[in-house]
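Here is the structure we will look at.
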Amino acid sequence: MLATILFPSPDPIPLPAPVWFFKVLHATVLSLHFVTVQWVLGWLFIGVLWNFWGRMRGNAPMVAGSNKMGGSLPIIMTYLINFGIPPLLFTQVLYGSFLYTSSVLIGAWWISVIFLVILVYSSLYLGGERAAKSKAWWGFGLLALLIALSIAKIYSSNMTLMLRLGVWTEMFRMHPHGTALPHADPTLLPRWLYMISGGLTIGGIALIVTGIWQKRDVVFKGFMVMHGGWIAAAGALLQSVVGFRVLHAQPAAVQAMLDANVLYHNLLSVWIGIAALVVVLGLLALVLREKASGWLAVAAATAGFLLTVTMVVYRDGIRDLTLLTQGYDVWNLKVVANWPVVALFLGTFVIGLLLMAGLIAIVLKAKPVNKEEAI
Ligand code: HEM
């Protein structure tokens, strides 16, 4: 069936480790990438609104909250980028012939991501500097948000196009220079919206955690936890609605295969359960406000992360089953395991993660250098 669609055959070099090994690593790092993507999108959205409204209305906690977000965003962005690179490598290993083809087909847009990421980063730095001095930063924030949303759209387009083998030839005939960015696919808009609405969920949870973490100002804590609570709850509800749109927009054969597969069938219930838990925790935060303690921060952060992991695994199932309907079974890739290399890789991977955790711990313990950052 594959041969009739004409696409490059998988790399003849066998995989140096089993498929499940790459899948586990891919899901782990992609979950971290998605958490940071949603965190950046969410804090940009909330931070820009709070900075604008707070300054207009002279609302001190709102301005302080927005400055806290504006000042932290450049650091979170570094994690977003660093957690984006490993899944790109694993996706290329498992689905290279699909991802390369779709990336070439939208080549002009795909290459523009590099420059767009640089623009987002620059805007975040300029905004962050102003936030640290308690100056208005919503203009830079808005610019960063709009560009980040465009990057997300390009990613969603590519990840969708890599599954639509049937449109490739015609697309190449019509736009041989890679200037087209397809938007007609019924799954594209919902999957983009799912990631964006996740910004409210993760952004809200990050507000709860930040409010509880700082112990200096009770009014500020109450403000952050209360708003974080309702924003996270609203985000999880919105994600549930959009998530079902993503599911029902899939081709009928893919929906049937997802339903018949024990893992994905049960995962859907787990996903609904975790989304409901986020809503409950968000409402608890709304009620508890300044009385909220550390356990709520830990529970909300864990639930937010697990919600993202569930989505990543389910999303992977959609990709595998869609490609299976077209004759490609990722689990059939040739494997010649090279365990010493795998062990070396795992060792350096774990050291890398520990170094990152150490850096995060240092950043969290660092003393603020001026009064505005102290909040
Ligand atoms: C502001 C910058 C970025 C944003 C907003 C962003 C957003 C997104 C979104 C929304 C998706 C999911 C697309 C979908 O499935 O519908 C995604 C996937 C992905 N992103 Fe990012 N991203 C950014 C930067 C990066 C960077 C710099 C890299 C790596 C160099 C990266 C690597 C990936 C990979 C590898 C995937 C998909 C992996 C897979 O499907 O297996 N991203 N990103």
Side-chain angles (χ1 to χ4, degrees), residues 19 22-45 73-96 98-100 102-103 106 109-125 127 141 143-164 181-183 185-199 201-203 239 242-243 245-247 249-250 308-309 311-320 322-323 330:
V19 173
F22 287 107
K23 287 256 178 201
V24 170
L25 285 175
H26 175 260
T28 311
V29 278
L30 190 61
S31 300
L32 293 170
H33 177 59
F34 281 179
V35 165
T36 45
V37 165
Q38 293 170 334
W39 192 352
V40 165
L41 290 177
W43 270 24
L44 271 175
F45 180 69
L73 278 166
I75 300 169
I76 307 168
M77 183 71 186
T78 59
Y79 285 96
L80 181 160
I81 295 171
N82 280 298
F83 285 137
I85 295 162
L88 194 55
L89 304 179
F90 298 131
T91 313
Q92 285 168 13
V93 168
L94 296 175
Y95 309 97
F98 303 92
L99 186 61
Y100 290 142
S102 58
S103 302
I106 60 162
W109 293 93
W110 193 234
I111 206 87
S112 76
V113 166
I114 298 170
F115 306 101
L116 294 176
V117 168
I118 293 172
L119 279 179
V120 172
Y121 219 165
S122 316
S123 309
L124 290 182
Y125 263 110
L143 185 66
L145 176 63
L146 293 177
I147 302 171
L149 288 174
S150 313
I151 297 174
K153 185 76 192 310
I154 295 172
Y155 268 99
S156 291
S157 301
N158 201 4
M159 300 307 148
T160 307
L161 184 61
M162 69 176 276
L163 306 178
R164 302 291 181 249
L181 192 67
H183 49 80
D185 194 287
T187 62
L188 175 57
L189 189 63
R191 74 185 283 166
W192 181 62
L193 287 175
Y194 185 88
M195 289 296 293
I196 294 173
S197 46
T201 315
I202 299 296
Q239 267 190 301
V242 182
R245 284 291 317 133
V246 175
L247 194 55
Q250 299 301 323
T308 311
V309 174
M311 178 268 266
V312 165
V313 177
Y314 200 86
R315 174 184 176 279
D316 197 48
I318 293 179
R319 172 156 58 199
D320 281 357
T322 307
L323 290 177
V330 69

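Just so it is clear, the structure is predicted and the values come from calculations on it, not from any experiment. Remember, it's 1-based here, ligands and their atoms both numbered in the order they're listed. Residues take their numbers from the sequence shown, with the count starting at 1. What's counted below: heavy atoms across the whole structure, side chains too, no hydrogens, waters or symmetry copies.
Sorted pairs that involve residues 29-39 and meet side-chain hydrogen bond (donor to acceptor under 3.5 Å, both in side chains), not counting sequence neighbours, are lacking altogether.
Listed by chain and residue number, nothing satisfies the salt bridge (Lys or Arg N to Asp or Glu O under 4.0 Å) test with Arg315 (two or more places apart in sequence, or in another chain). Residues passing the salt bridge (Lys or Arg N to Asp or Glu O under 4.0 Å) test with Asp320, sequence neighbours excluded: Lys23.
A donor-acceptor distance shorter than 3.5 angstrom exists from the side chain of Thr78 to the backbone of Ile75, with no hydrogens or angles considered.
In this structure, ligand 1 sits under 4.0 Å from heavy atoms belonging to His26, Leu30, His33, Phe34, Val37, Met77, Leu80, Gly84, Ile85, Pro87, Leu88, Thr91, Ala148, Ile151, Ala152, Tyr155, Ser156, Met159, Arg191, Met195, Arg315, Arg319.
Ile111 CD1: 12 or fewer foreign heavy atoms inside a 6.0 Å radius.
Checked by atom type, the side-chain pair His26/Thr91 shows a donor-acceptor distance below 3.5 Å.
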